[in-house]
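Here is how names work: the chains are called A, B, and so on, in the same order as the sequence lines, proteins then strands, and each is numbered from 1. All heavy atoms count here, side chains included; hydrogens, waters and symmetry mates do not.
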There are 2 protein chains.
Amino acid sequence: MKSQKIPEATIIRLSVYSRYLKQLEKNGLITVSSGTIAEGVDGSPAQVRKDLAYFGEFGTRGVGYNVSDLNRYITKILGIDNKWNVIIVGAGNLGSALSQYKGFDERGFNVLALFDNDPEIVGKKAGKIPVFSAPRMTSFIKENNVEIGIIAVPAPFAQDIVDEMVGAGIKAILNFAPRVISVPDYVELRNVDLAVNMEVLTFNMTFQK
Amino acid sequence: MKSQKIPEATIIRLSVYSRYLKQLEKNGLITVSSGTIAEGVDGSPAQVRKDLAYFGEFGTRGVGYNVSDLNRYITKILGIDNKWNVIIVGAGNLGSALSQYKGFDERGFNVLALFDNDPEIVGKKAGKIPVFSAPRMTSFIKENNVEIGIIAVPAPFAQDIVDEMVGAGIKAILNFAPRVISVPDYVELRNVDLAVNMEVLTFNMTFQK
DNA sequence: CAATGTGAAGCCCTTCACAGCG
DNA sequence: CGCTGTGAAGGGCTTCACATTG
């Protein structure tokens, strides 16, 4: 293993491997080969080994990988061996649904609060998550060491909210608004674009691979 | 232009270009250069031209592209120049939120119904979208020419629902369940994996590019 | 002997640079 | 003259194939 650039595709796959390993662990499996992992995640054995090789040598030749050890290594690599504080801006349908998403909690993401402008919903709760008024966001981020922000507001407001988050010290943003967003280099940004995903489907259906 | 394999990244960008062009069109812009598009979508001019070149010659040298013509070409390419019928399975928080998502309607996706097993919510509506009982799904798909299915059920149920959808004749699936799903070659599948997206963020934060 | 770890080959996508054209 | 369209170069990710090792 030598230090080099790691493909984003590798990180995405590691995350999927991790979830699959957790399942195997629950089933009581002790050891697993790259071939078995590949089957479980619909990939190739060589790819699995290559992905892991970026970070070290985790296996035993002739045997495979220890399931729970490997999963521990991967969660460490992904940075989810401890908790992260998250807020969601936009407490409409999507924001509220995201705040209740089980998958976040299971993977160490702590949704602390929702923020919104609508006086109808400010002060209420989505499940156990409180909804605060938007102007309180900056101070909340600072006081609670919030590292990750999720954008679930309508497109026209997204950039302004992002700017405010960045100003407050947020390190990473997951954007669900259908707009191209700008952030400084030191802030991580990912876009989850629902309509774009649908359009990739329709293209492939229409174009018939 | 010659026929060849088109990168998925190109399709994703075309979808983003299209949304941006729609905005420019609304602002009354008639003509646009690859450079301006690149700025608006945070890309490069050469990339914009290359992406379009897969499908034809849409510009005028020395001038640029006609905004509304180009957008019409792109929506045609993406297969969204007409409507698509969609159902969502799982009327929990996420499924209900998706059924109300404005971005689907705006881009020609018609959400006809939700399906769920919970007798508490079957028979109700999410906004204007009715919630039907899960066993009615297959006949509904056939009777209403549903082409696209969205999976918003808990992970353990996802594969069974997908199999049923495929059996009923669905052509494309957008999967939100955190599980690796199998479909036959002729069915299009895309995964929107929320926790995976968060973990790419935490990796990048931890690893500090 | 079975399965890992890894250089090398292959392939695909992006970037470059400029010819072509309105 | 300016911007498109594109062959060629470059870079990066995946696949291959095998040497390595417990």
Side-chain angles (χ1 to χ4, degrees), chain A residues 1-17 20-21 24 29-67 69-71 73-74 77 200 203-204 207 209, chain B residues 1-17 21 24 29-67 69-71 73-74 77 196 200 203-204 207 209:
Chain A
M1 167 215 188
K2 41 177 170 301
S3 184
Q4 55 179 122
K5 202 200 169 279
I6 290 139
E8 175 169 300
T10 288
I11 305 308
I12 293 172
R13 284 189 299 263
L14 284 177
S15 175
V16 176
Y17 301 162
Y20 181 61
L21 289 169
L24 295 182
L29 209 64
I30 304 298
T31 298
V32 68
S33 70
S34 60
T36 304
I37 297 176
E39 268 182 55
V41 303
D42 198 27
S44 80
Q47 182 83 83
V48 171
R49 296 198 300 275
K50 202 50 145 188
D51 287 337
L52 295 173
Y54 284 109
F55 300 97
E57 305 193 1
F58 306 113
T60 308
R61 291 170 197 235
V63 180
Y65 305 88
N66 176 289
V67 175
D69 285 353
L70 182 59
N71 195 24
Y73 290 130
I74 295 179
I77 291 166
V200 174
F203 172 82
N204 285 330
F207 209 77
K209 356 191 179 194
Chain B
M1 167 215 187
K2 40 177 169 309
S3 183
Q4 55 179 121
K5 201 198 170 278
I6 290 137
E8 176 169 299
T10 289
I11 306 309
I12 292 172
R13 283 189 298 265
L14 284 177
S15 176
V16 176
Y17 301 162
L21 289 168
L24 296 181
L29 208 66
I30 304 300
T31 298
V32 68
S33 70
S34 59
T36 305
I37 297 176
E39 268 181 59
V41 303
D42 196 27
S44 79
Q47 182 82 83
V48 171
R49 296 198 299 276
K50 200 56 142 182
D51 286 337
L52 295 172
Y54 284 109
F55 301 97
E57 306 193 1
F58 305 113
T60 308
R61 292 171 196 233
V63 180
Y65 305 88
N66 177 289
V67 175
D69 285 353
L70 182 57
N71 196 24
Y73 289 130
I74 295 179
I77 291 165
V196 168
V200 175
F203 171 81
N204 285 329
F207 209 78
K209 357 189 179 189

A.B. asks: Round to the nearest Å and state the distance from A:F58 atom CZ to C:dT6 atom C1'.
C.D. replies: 15 Å

A.B. asks: Tell me the interatomic distance from B:I6, atom CD1, to C:dT14, atom C1', rounded to whole angstroms.
C.D. replies: 16 Å

A.B. asks: Using heavy atoms to find the nearest nucleotide of DNA chain D for A:R61 and A:S44 separately, return the residue whose nucleotide is more 5′.
C.D. replies: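 Its nearest nucleotide lies further toward 5', so the answer is A:S44.
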
A.B. asks: Calculate the interatomic distance between B:E57 atom CD and D:dC3 atom C1'; express it in whole Å.
C.D. replies: 13 Å

A.B. asks: Return the value, rounded to whole Å, for the distance between atom CD1 of A:I12 and atom C1' of D:dT14.
C.D. replies: 15 Å

A.B. asks: Would you mind telling me which of C:dG5, D:dG5, C:dG7 lies closest to the side-chain atoms of A:R49?
C.D. replies: C:dG5

A.B. asks: Decide if atom OH of A:Y73 counts as having more than 12 heavy atoms of other residues, nucleotides or ligands within a radius under 6.0 Å.
C.D. replies: no

A.B. asks: A quick test of your reading: do over 12 heavy atoms of other residues, nucleotides or ligands sit less than 6.0 Å from CG of B:L29?
C.D. replies: yes

A.B. asks: Whole angstroms only, please: what is the CD-P distance between B:Q47 and D:dG5?
C.D. replies: 15 Å

A.B. asks: What is the distance from CD of A:E8 to C1' of D:dG11, rounded to the nearest Å?
C.D. replies: 17 Å

A.B. asks: Within the structure provided, determine whether A:T60 and A:T31 are in side-chain contact (heavy-atom separation under 4.5 Å).
C.D. replies: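 Heavy-atom side-chain distance check fails, nothing below 4.5 Å.
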
A.B. asks: Name the closest nucleotide to the A:S34 side chain, picking from C:dT4, D:dT14, C:dT14.
C.D. replies: C:dT4

A.B. asks: Mind calculating the distance between NZ (B:K50) and C1' (D:dG7) to the nearest angstrom?
C.D. replies: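 The answer, rounded to whole Å, is 7 Å.
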
A.B. asks: Starting the side chain at C-beta, find the nucleotide from C:dT14, D:dC16, D:dC3 nearest to B:T10.
C.D. replies: C:dT14

A.B. asks: Below 4.5 Å, heavy atoms only, C-beta onward: do B:I11 and B:D51 meet side chain to side chain?
C.D. replies: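 The answer is no; the side chains never approach within 4.5 Å.
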
A.B. asks: Strictly below 4.0 Å: does A:K5 bring a side-chain N or O up to OP1 or OP2 of D:dC13?
C.D. replies: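 Looking at the OP1 and OP2 atoms of D:dC13, one of them is under 4.0 Å from a side-chain N or O of A:K5.
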
A.B. asks: How many Å lie between CG on B:D42 and C1' on C:dT14, as a whole number?
C.D. replies: 15 Å

A.B. asks: Should A:F203 and B:E8 count as side-chain neighbours, where that means a heavy-atom distance under 4.5 Å?
C.D. replies: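 Side chain of A:F203 against side chain of B:E8, heavy atoms only: no contact under 4.5 Å found.
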
A.B. asks: If you find the nucleotide of DNA chain C closest to A:G64 and the one closest to A:A46, which residue's nucleotide is nearer the 5' end?
C.D. replies: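 Upstream on the strand: A:G64.
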
A.B. asks: Tell me whether the side-chain N/O atoms of A:Y65 come closer than 4.0 Å to OP1 or OP2 in C:dA2.
C.D. replies: no

